[in-house]
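Accompanying notes for the structure given below.
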2 protein chains.
Amino acid sequence: MARQVKIKDIAQMAGVSAGTVDRILHNRGNVSSKSREAVEKVLAETGYKFNIHTSAVSLKKAYKLVIAIPTAIDGEYWGTVRKGIEHALDEYSDIAIDCEYAFYNQFDIFSCRNSFRSIAEKKPSAVIIGATFASETVALCRRLDKEDIPYVFVDSVIDKTNPSETYSSDQNACGRIVGRLLNLFTPKDAELAVFGSRRIGNERANNSMTRMKGLMEYFGSLGYRRIIKESRISVQEPEESKKDIIRFLEDNPAVKGIAVLNSRGYIVADSLAACGIKDIRLVSFDLTVNNIRCVKDGTISAIICQRPELQGFHAVKAIIRTLLYNIKEKNVHHFMPTDIVIKENLPMYKEIYVE
Amino acid sequence: MARQVKIKDIAQMAGVSAGTVDRILHNRGNVSSKSREAVEKVLAETGYKFNIHTSAVSLKKAYKLVIAIPTAIDGEYWGTVRKGIEHALDEYSDIAIDCEYAFYNQFDIFSCRNSFRSIAEKKPSAVIIGATFASETVALCRRLDKEDIPYVFVDSVIDKTNPSETYSSDQNACGRIVGRLLNLFTPKDAELAVFGSRRIGNERANNSMTRMKGLMEYFGSLGYRRIIKESRISVQEPEESKKDIIRFLEDNPAVKGIAVLNSRGYIVADSLAACGIKDIRLVSFDLTVNNIRCVKDGTISAIICQRPELQGFHAVKAIIRTLLYNIKEKNVHHFMPTDIVIKENLPMYKEIYVE
DNA sequence: CCATTGATTGTGTACGTGCACAAAATTAGA
DNA sequence: TCTAATTTTGTGCACGTACACAATCAATGG
């Protein structure tokens with residue numbers, strides 16, 4: 001293992017002291033342009049890398065990380081994101097990171113507004129944002145930009161913001177995946193149905209709409225026609241939706257495959273089970289407890305999973321990179337792999353996602 | 001963040017010096033039973049954890065890691081395992097680990113024997129083993145056990161060995177996954193075919209046989225009968241196998257779904273393409289370059305991927321845990337999640353996501 | 001030209017562990 | 001009982017970085 005270049009080496013090569021190199025590496029200011037140029041030249045030449053371990057050892061400042069995401073319930077989407085966050089914090093437990101959650105109700109814009117407004121007052125070193133409402137998020141980001149506080153997005157991207165990094169999945173591709181699965185799962189002459197969300201101005205509904213677009217793109221590219229019934233039913237609350245779903249199926253008896261483009265696939269599955277329908281293939285999103293139950297009992301054929309845990313995990317790692325090593329990425333978008341989960345590989349993912 | 005307990009704290013509480021605690025933590029011997037008891041009591045009470053960073057900083061000894069796996073070709077299975085290994089070594093590049101590969105030809109037991117025999121002479125601190133031949137592996141492990149050198153398995157498990165940990169995937173479950181996919185992909189009245197390996201006494205062929213068992217279990221549990229033609233063709237070399245495959249398909253025109261239980265799915269795909277057959281659904285294993293090509297052009301419907309890079313990555317992390325922190329797991333078996341890869345989520349997996 | 005101020009640079013210590021070596025305690029031998 | 005050998009215990013330094021503080025340099029005004 002080649003001996004690594006140290007700050008002292010850099011200092012010697014640039015003809016300055018270690019303190020000056022330190023100031024440059026950490027943007028502490030008070031450095032003459034002459035020194036800066038000399039040091040930066042040597043840094044580039046040597047490809048200097050921080051030693052993560054000694055950095056962590058010497059670090060005295062406690063960073064404050066604020067995590068602004070929808071209420072995280074165990075076994076649901078944001079609960080799993082939080083697990084990934086906590087996993088990463090645990091792995092870096094030797095670094096002093098004070099962590100504070102700022103939860104909000106993802107269906108209530110006022111709750112989001114209140115939560116987001118309090119964030120700047122907490123004087124965070126960095127923020128992880130799970131965005132739902134575009135306008136509120138833009139307002140928060142503008143303020144963070146002004147105070148030069150780095151932030152990272154998980155799950156969604158919001159326009160007109162400047163996150164260091166974003167961890168999300170490719171929703172259009174998710175839609176195309178669902179398309180191909182339904183196409184593979186059903187005979188060519190069978191009809192298909194799609195259920196999405198109707199809510200507008202809400203990013204999670206945007207996700208649903210992007211998935212819809214991807215799904216339609218897939219079927220458009222097939223070279224032959226498949227009949228797709230686009231349902232206007234908004235699958236949100238179990239009891240309200242059930243009747244609508246059953247009526248829809250009575251009206252469309254040739255439907256043999258259904259895509260539910262949000263995480264409420266279990267509601268449709270339960271409706272089907274209630275009618276005793278068994279020959280319809282169902283595909284939905286997210287490994288929530290309810291969906292897991294349906295995959296196990298066979299009423300859902302496949303779940304598309306977007307690695308919420310991995311998103312949270314990587315978001316924290318990105319923050320640590322930014323804070324400790326001063327590596328400021330600008331708007332880098334990382335797409336998570338998208339998993340297809342069926343009954344047989346479910347236990348393997350449960351080990352990772354749920355427990 | 002709660003202040004962590006230090007070695008000095010432990011020493012003070014136990015009424016000994018830090019040196020004594022150090023000796024106990026690292027099994028360096030020369031400790032009276034009285035001191036040992038006192039310290040171990042305090043260690044248990046406080047739940048002492050090593051500080052990974054300061055450990056790494058102070059570590060002066062260079063560890064030697066030997067990696068005994070089949071020849072690792074980029075874009076093939078073991079090449080991807082190696083990528084995961086190198087990724088982990090890179091992440092821990094601040095720890096001095098001298099790494100030496102001991103490749104062998106996975107189809108040649110003599111090559112394996114020669115390679116494995118040289119390992120003990122290298123005086124490794126730890127070994128990562130990708131096993132193929134049971135007898136040779138048992139011999140190697142026996143020797144490592146005797147010299148108290150920890151080792152970790154990737155990909156396969158071999159009986160009568162004592163690895164600290166094993167990272168592999170559940171081959172039986174893989175077989176069941178393939179079964180369900182083919183069942184979902186084809187009409188009930190269509191015939192199915194299975195291609196495996198014939199080679200005996202070779203662990204990779206054992207993998208193939210375990211998958212076969214899982215596949216049959218799945219179809220046995222269905223509640224209705226599907227016709228499955230079990231081909232005796234050993235899909236190994238492209239040109240030799242092609243003719244056999246084509247003849248098999250001519251003899252079995254009702255076959256509409258095929259499982260290839262090793263990584264040579266592309267050979268069957270190419271054979272189908274050569275005959276102009278387009279309505280057969282094909283499922284195979286491992287994201288090799290050739291299989292990737294076939295998933296892209298649609299001749300393979302799905303690939304089962306066992307996260308080879310994650311296996312390699314975790315194996316190295318396990319070794320580091322063992323060497324640095326003296327955490328000696330005994331025979332812990334970790335199953336990797338098993339991914340279903342189709343054309344649409346393929347690009348996401350191509351970008352390697354470790355951890 | 002000197003004093004004062006502010007900008008820039010250099011120096012020293014702490015962080016917690018690993019490990020070498022010195023010191024002390026115990027045991028063995030005569 | 002005294003010495004030598006051996007076991008056990010304690011001490012101190014190094015690792016590379018962060019950060020506080022001291023030292024030096026340049027600029028400005030009188």
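Since this is a predicted model, take the numbers as computed values, not measurements. Proteins get letters first, then strands, A, B, ... in listed order; numbering begins at 1 in each.
Comparing C/dG18, D/dT9, C/dT9 by their closest approach to the side chain of B/Arg23 singles out D/dT9. Set against D/dT7, C/dT8, C/dT17, the side chain of B/Ile7 has C/dT17 as its closest nucleotide.
Between the side chain of B/His26 and the backbone N or O of B/Asp22, at least one donor-acceptor pair lies under 3.5 Å. With A/Tyr151 contributing its side chain and A/Thr161 its backbone, the two residues share no donor-acceptor pair below 3.5 Å. Without hydrogens or angle criteria, A/Ser168 side chain to A/Ser156 main chain gives no donor-acceptor distance under 3.5 Å. Judged by distance alone, with hydrogens and angles left aside, the side-chain atoms of A/Ser164 form no donor-acceptor pair with the main-chain N or O of A/Val152 at under 3.5 Å.
For A/Arg28 and D/dC19, the shortest distance from a side-chain N or O to OP1 or OP2 is below 4.0 Å. Contact annotation: A/Thr20 reaches the phosphate of C/dG10 (side-chain N/O to OP1 or OP2, under 4.0 Å). For the pair A/Tyr48 and D/dT17, the criterion of a side-chain N or O lying under 4.0 Å from OP1 or OP2 is met. In this structure, A/His26 does not reach the D/dC19 phosphate: none of its side-chain N or O atoms is under 4.0 Å from OP1 or OP2. OP1 or OP2 of D/dA18 has at least one side-chain nitrogen or oxygen of A/Ser55 nearer than 4.0 Å.
Rounded to an integer number of Å, the gap from CG of B/Leu25 to C1' of C/dC19 is 14 Å. If you measure from atom NZ of A/Lys6 to atom P of D/dC15, you get 6 Å, rounded to the nearest angstrom. Atom CG of A/Leu59 is separated from atom P of C/dG16 by 12 Å (rounded to the nearest Å). Counting to the nearest Å, the C1' atom of C/dC19 and the CG atom of B/Asn27 are 16 Å from each other. The CG-P distance, from B/Leu323 to C/dC19, rounds to 12 Å in whole Å. Going from atom CG of A/Asn30 over to atom C1' of D/dC19 covers 14 Å, rounded to whole Å. Put simply, CG on B/Asp22 is 14 Å from C1' on D/dC13, counting in whole angstrom units. If you take NE2 of B/His53 and C1' of C/dG18, they are 17 Å apart, rounded to a whole angstrom.
For the pair A/Ser115 and A/Ile119, the tightest heavy-atom approach, listed with the atom from each and the gap, is O-CG1, 3.5 Å. A/Thr137 approaches A/Ala131 most closely through the heavy-atom pair OG1-CB, 3.6 Å. Among all heavy-atom pairs drawn from A/Ala120 and A/Glu147, the shortest one is CB-OE2, 4.4 Å. Taking every heavy atom of both residues into account, B/Val31 and B/Arg36 meet most closely at CG1-N, 3.9 Å. A/Thr166 and A/Val157 make their closest contact through CG2-CG2, 4.2 Å (heavy atoms, listed as atom of the first residue, atom of the second, distance).
Within residues 8-19 of chain A, the residues having any heavy atom closer than 4.0 Å to DNA chain C are, in order of number, A/Val16, A/Ser17, A/Gly19. Remark: nothing in residues 34-44 of chain B comes within less than 4.0 Å of DNA chain C through any heavy atom.
For D/dT17, its base never sits under 3.5 Å from the side chain of A/Thr54 at any donor and acceptor pair.
Taking the six-membered ring for Trp and thresholds of 30 and 60 degrees, A/His334 and A/Tyr167 have nearly parallel ring planes, at less than 30 degrees apart.
Nucleic acid contact class of A/Val57 (heavy atoms, under 4.0 Å, all strands): base.
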